[in-house]
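Input: a single structure, listed below in structure tokens.
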Amino acid sequence: MELPKAYESSGVEESIYAFWLAKDLFSSRPDTTKKPFTIVIPPPNVTGSLHMGHALNNTLQDALIRYKRLAGFNVCWVPGADHGGIATQNVVEKLLLAEGKNKNDLGREKFLERMWKWREATGDTILEQLKKLGCALDFSRTRFTLDEVCSRAVREAFARLFEKGLIYRGKRLVNWCPRCMTALSDIEVEHEEEIGKLWHIKYPIVKVERQKGRKLERENDFVVVATTRPETMLGDTAVAVNPSDERYKKLVGRTITLPLVGREIKIIADEAVDSAFGTGAVKVTPAHDPTDFDIGARHNLEKVVVIGFDGKMTPSAGKYAGLDRYHARKEILNDLEDAGLLLETVEHPHAVGVCYRCSTTVEPLISEQWFLKVGEMSRRAVEASRAGKIKFYPASWEKPYIAWLENLRDWCISRQIWWGHRIPVYYCKNVPATVAPQKSSDGKSACPPFASVETPVKCPHCGGSKIEQETDVLDTWFSSALWPFSVFGWATDTKDVGVKNDLEYYYPTSVLVTGHEILYLWVARMVQFGLEFMCERPFSDVYIHGIVRDKHGKKMSKSLGNVIDPLDIIKKYGADALRFAMISSATAGRDIQLSDDSFVGARNFANKLYNASRYILMNLEKYPLDDISLDGESLEETDKWILSECAAVSRIVRGHYESYELDKTARAVYDFTWNKFCDWYIEFTKERLYGIDAAARRTALKVLVNILADILKIIHPIMPFVTESLWRALRERLPALKGEFPESIMETAYPSLPASSEEYLKSAADVSFIVEVVTVVRQLREEMKIPAAQKITLQIRAEEKTAARFAERSVYITKLARADKIESNLSLEPRACACVVVKDAEIFIPLEGIIDIAKENSRLASELSKFEGFSRSLSAKLSNEKFLAKAPASEVENTRAKLAEATTKIEKLKSNIKYLG
RNA sequence: GGGCGGUUAGCUCAGUUGGUUAGAGUACUUGCUUGACAUGCAAGGGGUCACAGGUUCGAGUCCUGUACCGCCCACCA
């Protein structure tokens, strides 16, 4: 016996993964005789190393892929990584900083060289780590969003949108991160709750003599505005009130002297002002606030920029110029205070926008950026959803997804960083020296900017060769949005037939698996671009899973120190355990809390599976089999029972896979394997395997092997390593069957067994009879404190038919209930016995001297009262006329049957109390 | 300010179209070197299903409201 007693995952997993790679089992080629099942990986950032979120996301995909392969599909799971624009540039900038340099010291070209060097060195970390998880990715297809195939797709997509007039350049108020020094799109800004302050500031009104005669003297000579950002007051160009606000009606049109600055600004009326908030009067800073920007546009207000791209005050800020925005705030408040213009300060909770990459407070700033018109694209995306072309699992995500699409504003796609796809827009510089070259298409330059997929050699307008490319790069999510088709070579040379076939064969992909945090950032945009460029949805299903949290429900983060490293878990418990723990807790629509306990449980399950196999393998060594066909074998009821249970679980699990309820697949296989197969069936087979009847032994062993093979296949998508290693072990012990047992379990087919026949259902009833008898006897033994080693005699008092049932199954009952024999006698007069009732039979255990009569009596009494209570509630139900009238007949009948059973039991318990008393 | 999800055993969670006196894992208690497994086996204690109403013969499950927790969205200064 060379099999160790416990399953040891380390070592096994590496060699199995190497075996899969060597056999090239992960790669897929178009094959028109088979249906494809395609998943493109949500490309992790090249900066990333595997965390629990990746582990969960990829385990779910791997389970789906592996299941579908067994189910007969040509599966293709495409790996890759995202260049991760800002995030990645930040990482390398930090490295430079440690060397005392910044990116401007290097210049664009040298800096990018440095970025690529870094990417070559560390960028594949995460893909390597996914191998440890067991992911069956087709590595021959690995893509990187910045490689030539994907970059070409980006340029092609951009150029097409540009030609359609959907891309435009404009000077607008955008979200600006003063730390990353770039614009951000609306969804790249996160909102953090903060208890800020609302400062009330007096703005003096310029007195106008003779304007309204005497009355004027009695009016307030100032307006009070409320603001959370006093530093922006330097850029105020108006004060606005609601037009219907009676308090201020008379003041509209009047002039105010802006404190600290001295600029004269007007009081204007605008609907955007909520008269119920603050004082009802709002300072208007068109250059630094989105609402104010709109108000300014309506009233033609000047935009005074007082905060610069670096977050410091500009020269327009006068004496505050050069100060950091928060430092300036302090100074301004001091100065206002000194001037007696600061009235009150109220605590004010509000949300502050922060950069999703560095958490710096975002500044709304005016700058020139490229935008994509998304109206038509998002309308088509909504249509696709409404037509049922894209389904969410769980469905509850569809509503917020559609709502988001419907309220979408144009997408700011330009970024002022260097790492990314440089926008393929070119400016013709071939203009008379008198006219300065312009980036914008405002008509001043001789030629309008143009987009081009290839690097242009001359201007398409004037033929000039002095051409400069736009320096901004694209939002990293622009390339991500193309991912489902760019990975298959969209926009690459169509003469390459292989590439063309791939796209046709694999697109649209089957399912997208992702966490909900990038539903808008990524999923919605893939749908828009898929419909735009491929005229076809990128995937039919979106499987959205929860976020991994720690055991207290907190998000895992480095700063909280509650991060669980999946690689540690793999080392300690094995990849299978990690996978099983994650899958079984991934309930649809809920976040996932993981603790060490869950991994221990999963590891134990792997061990259980291993040991069940070990039992079979060891017996196979002793009693080799040439075939495992059950034809002609005389199956007993336990065999039929386990076969039908196995068929049922394979069917149930199949259904759960189809509806992406992977947690249920895990629970179902666990329950079947442990509670049915191991706890009962294996115990049943010991009688035959260790007996002397060779034919019976062969039958039992054949059934065991059949069930084990099916269990391994059913569990394989969740726990690929242990199932593969056990498959291999099984195959080695069945040398005559190498044809039927492929080398790898990945090459087998998912079990599809017919539904149970009547005969099999009857055997299920027989087995449950055994289980019930054994269970009650065990309970009684425990309660009576009968030592485990002590054998007991079971005396049965029952009608002939029931008595026969006991006799037929006596081997199992005696063995599992630790009895030495079963005696049956209808006219039995028990003395000094413990008693249990099963169906219409009474089981007595005579144990003179061991049993405590008083104790047994009280046990029977409590048993009795339990059933009497139950019986009462059933009787009450049945004597309720409304119940009889309204409940379905089957329900009434059910209740009657239960009552009858309870009544029998009660009678027998009563009579036994009498005997004992 | 909207929207979504959660609240079931000490802990983590199941609970299908309403139908026994609500389950699992784990932890806890007790007993077991049972010819696969102590990463195990057997048994046990432990829950007013957040709260308040309602619908129904019958509610953990459906409806309304409340509380608390979490998430997403939103230009109220």
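Each chain gets a letter, A, B and so on, in the order the sequences are listed, and its residues count up from 1.
To the nearest whole angstrom, the two C1' atoms, one in rC32(B) and one in rU20(B), are 34 Å apart. On the C1' atoms, rU7(B) is 25 Å away from rG45(B), given to the nearest whole Å. Atom name P, nucleotides rG44(B) and rA24(B): the rounded distance is 11 Å, in whole Å. Nucleotides rG6(B) and rU16(B), compared at atom P, are 12 Å apart to the nearest Å. The separation of rG60(B) from rG23(B), taken at their P atoms, amounts to 13 Å, rounded to a whole angstrom. Comparing the P positions of rG18(B) and rU64(B) gives an interatomic distance of 16 Å, to the nearest angstrom. Comparing rG70(B) with rG46(B), their P atoms are spaced 33 Å from each other, to the whole Å. The same atom, C1', is picked in rU17(B) and in rC13(B); the two are 23 Å apart, to the nearest Å.
Atoms CZ (Arg818(A)) and P (rA43(B)) sit 13 Å apart, rounded to a whole Å. What separates NZ of Lys664(A) from P of rA14(B) is a distance of 10 Å, to the nearest Å. Rounded to whole Å, the distance from CG on Asn407(A) to P on rG2(B) is 16 Å. Leu780(A) has its CG atom 14 Å from the C1' atom of rA42(B), to the nearest Å. Whole-Å rounding puts the Asp591(A) CG to rU12(B) P distance at 14 Å. What separates CG of Asn619(A) from P of rG35(B) is a distance of 13 Å, to the nearest Å.
Aromatic pair His348(A)/Phe277(A): ring centres closer than 6.0 Å.
A 4.5 Å side-chain heavy-atom check between Ile544(A) and Val542(A) finds at least one atom pair inside the cut-off. Residues His516(A) and Ile547(A) have side chains in contact (heavy-atom distance under 4.5 Å, counting atoms from C-beta outward). By the 4.5 Å heavy-atom criterion applied to side chains, Ser725(A) and Thr723(A) are not counted as neighbours.
Within the 4.0 angstrom heavy-atom criterion, base atoms lie near Ile682(A). Across all strands shown, Arg778(A) has heavy atoms under 4.0 Å from sugar-phosphate atoms exclusively, and none from any base. Glu8(A) comes within 4.0 angstrom of no nucleic acid atom, judged by non-hydrogen atoms across all strands.
Salt bridge absent: Glu893(A) and Arg896(A) never bring a charged side-chain N and a carboxylate O closer than 4.0 Å. Of the charged side-chain nitrogens involved, at least one lies within less than 4.0 Å of a carboxylate oxygen, so that Asp663(A) and Arg667(A) count as a salt-bridged pair. The residues Lys572(A) and Asp596(A) are annotated as salt-bridged, a charged nitrogen and a carboxylate oxygen being separated by less than 4.0 angstrom.
Contact annotation: Lys5(A) reaches the phosphate of rA38(B) (side-chain N/O to OP1 or OP2, under 4.0 Å). For rA14(B), the OP1/OP2 oxygens have a side-chain nitrogen or oxygen of Thr587(A) closer than 4.0 Å. Taking side-chain N and O atoms only, Lys608(A) has a distance below 4.0 Å to OP1 or OP2 of rC41(B). Phosphate proximity of rA42(B) to Gln779(A): absent, as no side-chain N or O sits under 4.0 Å from OP1 or OP2.
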What does the list of N/O pairs under 3.5 Å between the protein and nucleotides 4-6 of chain B look like, with a distance for each?
unit_1 : atom_1 : unit_2    : atom_2 : d
rC4(B) : OP1    : Lys399(A) : NZ     : 3.2
rG6(B) : O3'    : Arg590(A) : NH1    : 3.4

Is there any protein nitrogen or oxygen under 3.5 Å from a nitrogen or oxygen in nucleotides 54-57 of chain B, and what are the pairs?
unit_1  : atom_1 : unit_2    : atom_2 : d
rC57(B) : OP1    : Lys886(A) : NZ     : 2.0
rC57(B) : O2'    : Asn880(A) : ND2    : 2.9

Protein-nucleotides 73-77 of chain B N/O pairs under 3.5 Å:
unit_1  : atom_1 : unit_2    : atom_2 : d
rC75(B) : O2'    : Thr291(A) : OG1    : 3.3
rC75(B) : O2     : Thr291(A) : OG1    : 2.8
rC76(B) : O2     : Asp274(A) : OD2    : 2.7
rC76(B) : N3     : Asp274(A) : OD2    : 3.1
rA77(B) : OP2    : His348(A) : NE2    : 3.3
rA77(B) : O2'    : Ala226(A) : O      : 3.1
rA77(B) : N6     : Asp274(A) : O      : 2.5
rA77(B) : N6     : Phe277(A) : O      : 3.1
rA77(B) : N1     : Asp274(A) : N      : 3.2

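Between the side chains of Asn675(A) and Tyr670(A), no donor-acceptor pair is found at a separation under 3.5 Å. Residues Thr685(A) and Tyr615(A) have side chains that bring a donor and an acceptor to within less than 3.5 angstrom of each other. For the 3.5 Å distance criterion, the side chains of Asp186(A) and Asn175(A) qualify, holding a donor opposite an acceptor. Looking only at atom types and distance, the side chain of Thr285(A) has a donor-acceptor partner in the side chain of Lys283(A) under 3.5 Å away.
Side-chain atoms of Glu687(A) do not come within 3.5 Å of backbone N or O of Phe684(A) as any donor-acceptor pair. With Arg733(A) contributing its side chain and Ala729(A) its backbone, the two residues share a donor-acceptor pair below 3.5 Å.
Surrounding CD of Glu881(A) are at most 12 heavy atoms belonging to other residues, nucleotides or ligands under 6.0 Å away. Remark: Glu901(A) CD is loosely packed, at most 12 non-hydrogen atoms of other residues, nucleotides or ligands lying under 6.0 Å away.
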Review point. Just the dot-bracket of RNA chain B, please: which string comes out with Watson-Crick or G-U pairs under 3.5 Å, [ ] for crossing, | for another strand?
Key: (((((((..((((.....[...)))).(((((.......))))).....(((((..]....))))))))))))....
Exercise for review: Show the numbers, then the answer: is there a salt bridge (Lys or Arg N to Asp or Glu O under 4.0 Å) between Glu271(A) and Arg298(A)?
Suggested key: CA-CA 11 Å; Glu271(A) 293 286 352; Arg298(A) 284 194 285 273; over 6 Å; no
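Checking rG44(B), rC37(B), rA42(B) against every side-chain atom of Arg614(A), the shortest atom distance belongs to rC37(B).
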Study note, to complete from the structure: Each nucleotide of nucleotides 24-30 of chain B classed B (base within 4.0 Å of a protein heavy atom), S (only sugar-phosphate) or -, in 5' to 3' order, makes --S----
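Cation-pi geometry between Arg329(A) and Trp199(A) is not satisfied (NZ or CZ under 6.0 Å from the ring centre, within 45° of the ring normal).
Listed by chain and number, the residues in a ring-ring contact (aromatic ring centres under 6.0 Å, His included) with Tyr356(A) amount to none (sequence neighbours excluded).
Between Phe605(A) and Glu891(A), the residue whose closest nucleotide on RNA chain B is further toward the 5' end is Glu891(A).
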